[in-house]
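In listed order, ligands and their atoms are each counted from 1.
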Amino acid sequence: MTNMIAKVPMGKDGVLVGRQGLGCMGMSEFYGAADPDASRRVLDLALDLGVTHFDTADMYGIGANEEFLAPFLRDNRKRAHIATKYGYRRSLDAPDDWGVTNDPAHIHRAVDASLHRLGVEVIDLYYMHRRDPAVPLADSIGAMADLVQAGKVRALGLCEVSATELAEAHAIHPIAALQSEWSVFSRDIEAEVAATAARLGTAIIPFAPLGRGLLTGALSLAADDARRHFPRFSDANLDANTRAAQVIGALAAARGVSPAQIALAWLHDRARVFGVTVIPIPGTRQPARLRENLGALDITLTADELATLAPLAAQVQGQRV
Ligand SMILES: NC(=O)c1ccc[n+]([C@@H]2O[C@H](COP(=O)([O-])OP(=O)(O)OC[C@H]3O[C@@H](n4cnc5c(N)ncnc54)[C@H](OP(=O)(O)O)[C@@H]3O)[C@@H](O)[C@H]2O)c1
């Protein structure tokens with residue numbers, strides 16, 4: 001296959017991965033019914049096009065997303081770089097327990113369960129999904145470092161932590177990746193975290209880079225879609241946020257590209273602004289959209305386009321979570 005996307009390091013001196021990854025969460029939960037055959041085609045096409053970094057978590061589908069990825073990983077273990085996460089307590093017995101735990105005993109149980117479900121001998125990147133302030137960071141990072149030592153995990157990551165927490169953790173063990181929400185509509189991490197990641201050599205993995213679909217101009221919500229519970233998608237806010245996203249649609253139309261491509265190109269431009277590695281993980285279950293989203297890598301936004309996008313985050317109605 002020609003036209004493979006370029007590779008960048010996953011953290012300082014880290015393994016090289018395609019500079020855009022794939023979020024796999026929606027293949028198993030939250031965003032309405034998924035077609036497993038189509039999702040598998042997305043995974044295979046991703047590899048063919050040079051996407052090598054695949055993102056899951058133990059809580060997506062309460063283990064189901066990791067299990068779904070297992071046959072794909074078995075067939076492509078040498079080429080696919082897999083990231084998963086621990087931290088949420090949800091279980092099949094308590095699916096609505098959104099509590100978080102970072103204690104070492106939980107981490108050791110969770111990693112073994114993920115290794116088993118994924119069917120791999122080592123996890124390439126293991127994230128703390130959310131910080132549990134009741135557990136000292138040194139204890140959880142220490143336990144995660146033990147997993148590297150034991151050969152169960154290759155590199156460590158954190159999600160949605162503060163700049164101080166990132167630096168504190170990095171002093172205990174190198175943190176290859178920081179995963180936080182980052183998009184044209186969600187720019188919290190620009191205040192402090194992005195510069196700290198750049199200083200430490202930690203790659204930033206923006207999740208929900210398409211604003212959970214809001215930025216694409218093609219959002220449709222099934223009756224059971226979990227996004228209905230998010231403030232930005234509420235009846236009170238969705239119309240205003242859809243209007244704000246139309247600015248992206250207008251830029252896209254003027255260039256003859258798609259809104260999703262503009263939104264992702266904006267994130268790739270942030271790598272230049274902050275001097276940091278940025279590997280967005282847009283989620284899709286549709287092969288054509290995967291191909292479309294990779295087209296963002298061919299777009300360099302102009303100063304005028306960047307200036308048009310700059311005020312949008314401040315106009316968004318509703319908290320991001
Ligand atoms: N660390 C965390 O706390 C956290 C939180 C949330 C998500 N994540 C990770 O980040 C990944 C990405 O986030 P996300 O899936 O929530 O949001 P996202 O990537 O911003 O948006 C995904 C949504 O956009 C749609 N979409 C994708 N490409 C499109 C296109 N070209 N045109 C129109 N619609 C398009 C998808 O629908 P289709 O699937 O139907 O294409 C899906 O509904 C997840 O899969 C997950 O791995 C991590």
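Using a heavy-atom distance under 4.0 Å as the criterion, the protein contacts of ligand 1 are G23, C24, M25, Y31, D55, Y60, K85, H129, R130, C159, Q179, F207, A208, P209, L210, G211, R212, G213, T216, A218, R227, A260, I281, P282, G283, T284, R285, Q286, R289, E292, N293.
Between H106 and Y86, the ring-plane angle classifies as tilted under the 30° and 60° cut-offs. Ring geometry for H53 versus H81: interplanar angle of 30 to 60°, hence tilted.
Ion pairing between a basic and an acidic side chain is recognised when a charged N comes within 4.0 Å of a carboxylate O; R77 and E121 show no such pairing.
Residues satisfying the salt bridge (Lys or Arg N to Asp or Glu O under 4.0 Å) criterion with R19, sequence neighbours excluded, are absent altogether.
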When the side chains of residues 195-205 are checked against the rest of the protein, which donor-acceptor pairs come out under 3.5 Å, sequence neighbours left out?
residue	atom	partner	partner atom	Å
T196	OG1	E192	O	3.2
T202	OG1	I175	O	2.8

Acceptor/donor pairs from residues 308-317 side chains to any protein atom, 3.5 angstrom cut, sequence neighbours excluded:
residue	atom	partner	partner atom	Å
T308	OG1	D304	O	2.9
Q317	NE2	Q315	O	3.2

